[in-house]
Amino acid sequence: MTKHLANLTEGQYLIVFDGECVLCSRFFRFMVVRDKAQRFKFATAQSPLGQRLYSDLGLPTKDFETNLVVTDGVVHQRLDAFAAAMRCLPGFWPILSVCRWLPRFIKDPLYHAIARNRYAIFGRSATCIVPDAELRSRFLPEGF
């Protein structure tokens, strides 16, 4: 990552998600409701910030096959991103983070199969979500 983006994500709890993907947007809304401490900030992958993060990580900037979850400045991708997000929630949700212990040869193909077919299974929105003012405050600058 560039120094600028490393400084931006340092110590942050951030979720970068595909704002046009129905599944990804549901994950975003799931996290907003359950993140009672409001630790996480958000950005869409289509935003200027999201585009810079994906580019700096060498990821495609048009076809997003992974959400990014940043915890304490560490960027997580694919199923590890989901696990990192679950570990940060209260209650029983951290139990779902056990998926991080799956062998990579199992979890990566499983994740990629869902990612490749997510629009066919869950649909695609013609536009990114439009958050209200309160929810918009949870987005980082240039994150929407």
Side-chain angles (χ1 to χ4, degrees), residues 1-2 5-6 8-9 11-144:
M1 250 192 284
T2 65
L5 291 176
L8 175 70
T9 60
Q12 286 285 340
Y13 286 77
L14 170 66
I15 294 176
V16 185
F17 65 99
D18 181 348
E20 295 176 359
C21 169
V22 172
L23 176 62
C24 303
S25 293
R26 285 182 187 164
F27 173 66
F28 156 71
R29 292 192 186 283
F30 172 91
M31 291 301 296
V32 166
V33 169
R34 286 157 184 83
D35 180 22
K36 303 284 188 210
Q38 297 188 1
R39 292 169 83 177
F40 282 99
K41 295 290 187 181
F42 301 95
T44 63
Q46 292 83 359
S47 70
L49 173 61
Q51 291 287 289
R52 285 196 306 268
L53 282 167
Y54 278 79
S55 178
D56 280 4
L57 291 167
L59 297 170
T61 57
K62 298 286 184 231
D63 184 25
F64 312 103
E65 286 200 11
T66 183
N67 288 329
L68 303 175
V69 174
V70 180
T71 56
D72 288 324
V74 177
V75 180
H76 305 275
Q77 299 178 42
R78 297 179 290 283
L79 211 48
D80 291 337
F82 174 78
M86 293 301 102
R87 280 194 309 271
C88 294
L89 294 177
F92 66 88
W93 296 109
I95 210 157
L96 295 177
S97 71
V98 299
C99 63
R100 75 179 185 253
W101 301 112
L102 288 171
R104 190 153 306 281
F105 73 89
I106 293 173
K107 66 182 173 181
D108 282 354
L110 174 65
Y111 186 90
H112 287 301
I114 294 169
R116 275 191 309 273
N117 296 297
R118 70 189 185 278
Y119 295 131
I121 298 168
F122 299 99
R124 184 178 195 151
S125 178
T127 59
C128 284
I129 60 162
V130 180
D132 60 23
E134 180 181 341
L135 192 51
R136 196 173 183 94
S137 71
R138 304 264 322 258
F139 281 79
L140 285 178
E142 294 189 57
F144 191 79

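Throughout, residue positions are numbered sequentially from 1 according to the sequence presented. Side chains included, hydrogens not; waters and symmetry mates left out as well; all remaining heavy atoms used.
Heavy atoms of other residues, nucleotides or ligands lying less than 6.0 angstrom from CD1 of I95 number 12 at most.
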task: Please step through side-chain contact (heavy atoms from CB on, under 4.5 Å) for the pair M31 and F27, ending with a clear verdict.
output: CA-CA 6 Å; M31 291 301 296; F27 173 66; 3.8 Å; yes
task: Show your working on side-chain contact (heavy atoms from CB on, under 4.5 Å) between R104 and D80 and close with a plain yes or no.
output: CA-CA 10 Å; R104 190 153 306 281; D80 291 337; 3.2 Å; yes
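Remark: S47 OG to L140 CG distance equals 9.0 Å, nearest 0.5 Å. The OG1 atom of T44 sits 11.5 Å away from the CD atom of E142 when rounded to the nearest 0.5 Å. Here the OG atom belonging to S25 is positioned 12.5 Å from the CZ atom belonging to F122, to the nearest 0.5 angstrom. The distance from the CG atom of L59 to the OG1 atom of T66 is 7.0 Å, given to the nearest 0.5 Å. In this structure, the separation between NZ on K107 and CG on L79 is 6.5 Å, given to the nearest 0.5 Å. Residue L14 holds its CG atom at 11.0 Å from NE2 of H76, rounded to the nearest 0.5 Å.
Here the closest heavy-atom approach between residue R100 and residue A83 is recorded as CB-CB, 3.7 Å. The shortest non-hydrogen separation linking T71 to C88 is CG2-SG, 3.8 Å. Between V16 and G50 the shortest heavy-atom distance is CG1-CA, 4.0 Å. A pairwise comparison of heavy atoms in Y54 and T61 identifies CB-CG2, 4.1 Å as the closest pair.
D35 and Y13 share no side-chain donor-acceptor pair at under 3.5 Å. No side-chain donor-acceptor contact under 3.5 Å links R78 and Y111.
In terms of modelled atom types and a separation under 3.5 Å, the side chain of S97 and the main chain of M86 share no donor-acceptor contact. At distances below 3.5 Å, at least one donor-acceptor pair connects side-chain atoms of Q51 with backbone N or O atoms of A45. A donor-acceptor contact shorter than 3.5 Å is absent between the side chain of R118 and the backbone of I114. Using a distance-only test at 3.5 Å, with no hydrogens or angles considered, a donor-acceptor pair links the side chain of K36 to the main chain of V33. In this structure, Q46 contributes its side chain and D18 its backbone to no donor-acceptor pair below 3.5 Å.
Note on ring orientation: taking the six-membered ring where Trp is involved, the planes of F17 and F139 are tilted (angle from 30° to 60°).
When side chains are defined from C-beta on, F28 does not count as touching I15, because their heavy atoms never get closer than 4.5 Å. The closest side-chain heavy-atom distance from L57 to V75 is below 4.5 Å.
Listed by chain and number, the residues in a ring-ring contact (aromatic ring centres under 6.0 Å, His included) with F82 amount to none (sequence neighbours excluded).
Both tests do not hold together for R138 against F42: distance to the six-membered ring centre under 6.0 Å, angle to the ring axis within 45°.
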